Amino acid sequence: MYFSTAHLAAASAALAQAAITIPVQVGKGGALTFVPNDIKANVGDSIEFSFFPKNHSVTQSSFADPCHPLAGGFFSTFIPTNSSESSETFTIVVNDTKPIWIYCAQTVKSHCQSGMVASINAPATGNTLAAFTLKASNATDSTSPPNTVPLGGILAVKGKGTGVTTSIATTVTTTVTRDGSTYATTYATAYGTTYTTDATQQVSTSGVSGSSPTKSSGAGSTSVSTTAQPGAATALTANGAMVGAMMLGALAML
Ligand SMILES: *[C@@H]1O[C@H](CO)[C@@H](O)[C@H](O)[C@H]1NC(C)=O
Ligand SMILES: *[C@@H]1O[C@H](CO)[C@@H](O)[C@H](O)[C@H]1NC(C)=O
Ligand SMILES: *[C@@H]1O[C@H](CO)[C@@H](O)[C@H](O)[C@H]1NC(C)=O
Ligand SMILES: *[C@@H]1O[C@H](CO)[C@@H](O)[C@H](O)[C@H]1NC(C)=O
C-alpha cells in the first residue's frame with residue numbers, strides 16, 4: 001500500500017511537469033556552435049534559438065544525411081546580424097521523444113562540416129551527437145531549403161511576439177445611384193496588413209466595409225456606397241503556436 005501510494009505520487013508529479021522553454025545560442029562569440037548542442041527536452045518543451053553574427057540558420061536534417069534538409073523539417077531561414085544578437089528568435093516545439101538533428105546551413109566557411117550541429121534527445125550510444133558531428137564533417141556539401149519563410153517553427157521578434165504579414169483578397173462593389181438609375185461596378189482588390197502579436201494572442205482578420213458617402217453632382221443627386229466582401233482569407237483566426245504556422249501557410253500560398 002505504501003509503495004503504490006508513492007508510485008502514484010511520482011506519476012502525478014511527472015504529469016504535472018510544465019513545459020519549459022530551453023534557450024540555445026547560435027554562433028555566440030563568433031564560434032560555429034550551438035550552445036548547448038546536446039539538448040535534452042521533454043515532449044511539449046520549446047527550444048528558443050537566438051542568433052549571433054554573422055549569418056546562421058537552424059535547419060533540421062536526418063541523422064543519416066547531415067548538412068542537408070530533412071523533408072518536412074524545420075528551417076529558421078538565414079538570420080544575418082552584424083555586431084550584436086539578432087532581435088529575432090526561432091522557436092520549435094518538441095512533439096515526441098525521437099532524436100532531432102540540427103545544423104547551420106551557411107555554406108560560407110562550411111558551418112555544418114565545421115561542427116555547427118546540434119541534437120535534441122540524441123541517444124547516449126550509437127547515433128550520438130558525436131557520431132552525427134563526425135558524419136557532418138564528412139559531408140561533401142551543405143544545402144538549405146529554398147524557402148524564404150521559416151518552416152516548422154516560429155520566427156519572432158524578441159519581446160514583441162510574432163510579426164506576421166497577410167493579405168486579404170476582396171471584391172469591392174461600388175453602387176452609384178444617379179437621378180433614379182443605379183450602376184454597380186465590382187472589382188478585385190487586396191489589402192496587405194502586418195500584425196505584431198504574441199503567439200498566445202488571437203489573431204482575427206475580418207472583412208472591410210467602406211463608408212457610404214453621399215455627394216451632389218450637377219443637377220441631380222448622386223449617392224455612392226462601397227462595400228468590400230471579404231474573400232477566402234477572411235476570419236483567419238488562430239491562437240497559440242498555430243498562429244505562425246497558419247500565417248506561414250497562408251504566405252506560402254501567395
Ligand atoms: C546570409 O546567408 C545566406 C546563405 O549563404 C545568403 O543567401 C544571404 O545573402 C546572407 N545574408 C547576408 C545579409 O549576408
Ligand atoms: C551589415 O553591415 C553591412 C555593411 O556595413 C550593411 O550593408 C548591412 O545592412 C548590415 N546588415 C544588418 C543586418 O545590420
Ligand atoms: C568519412 O569518409 C571516409 C571516406 O569516405 C569514410 O571511410 C568514413 O567511414 C566516413 N566517416 C563517417 C563517420 O561517415
Ligand atoms: C511539432 O508539431 C507542429 C505542429 O504540427 C509542427 O509545426 C512542428 O514543426 C513540430 N515540431 C517539430 C520539431 O517537428
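These numbers come from a predicted model, not from an experiment. Counting convention: from 1, in listed order, for ligands and their atoms alike.
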Pairs under 3.5 Å, N/O atoms on ligand 3 and on the protein: can you put them in a table with the distances?
unit_1	atom_1	unit_2	atom_2	d
ligand 3	2 (O)	Asn138	OD1	3.2
ligand 3	2 (O)	Asn138	ND2	2.2
ligand 3	11 (N)	Asn138	ND2	2.8
ligand 3	14 (O)	Asn138	ND2	3.3

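- Counting only residues at least two apart or on different chains, the side chain to side chain donor-acceptor pair (under 3.5 Å) pairs with a member in residues 141-151 are His68-Asp141.
- Within the 4.5 Å cutoff, no side-chain heavy atoms of Pro99 are placed close to those of Phe132.
- Each of Ile100, Ile92, Leu151, Ile102 was checked for a side chain to side chain contact (heavy atoms under 4.5 Å, CB included) with Gln60, and the lone residue meeting it is Ile100.
- Residue Asn55 approaches ligand 1 through these ligand atoms, each under 4.0 Å from one of its heavy atoms: 1 (C), 2 (O), 3 (C), 8 (C), 10 (C), 11 (N), 12 (C), 14 (O).
- Short contacts between ligand 4 and Gly152, defined as distances under 4.0 Å to a heavy atom of the residue, involve ligand atoms 8 (C), 9 (O).
- Contact check for Thr59 versus Pro145: side-chain heavy atoms found under the 4.5 Å cut-off.
- In terms of polar-atom proximity, Asn95 is counted as a contact of ligand 4, with an N or O under 3.5 Å from an N or O of the ligand.
- If you look at Val93 next to ligand 4, the close heavy atoms, those under 4.0 Å, all belong to the backbone.
- Proximity of Gln106 to ligand 1, defined as any heavy-atom pair under 4.0 Å, is confined to the side chain (atoms from C-beta onward).
- Between Pro23 and Ser50 there is no side-chain heavy-atom pair separated by less than 4.5 Å.
- Between Thr81 and His56 there is no side-chain heavy-atom pair separated by less than 4.5 Å.
- Using a 4.5 Å heavy-atom cutoff, the side chains of Lys40 and Asn121 are in contact.
- Cys112 has its SG atom within less than 2.5 Å of the SG atom of Cys67.
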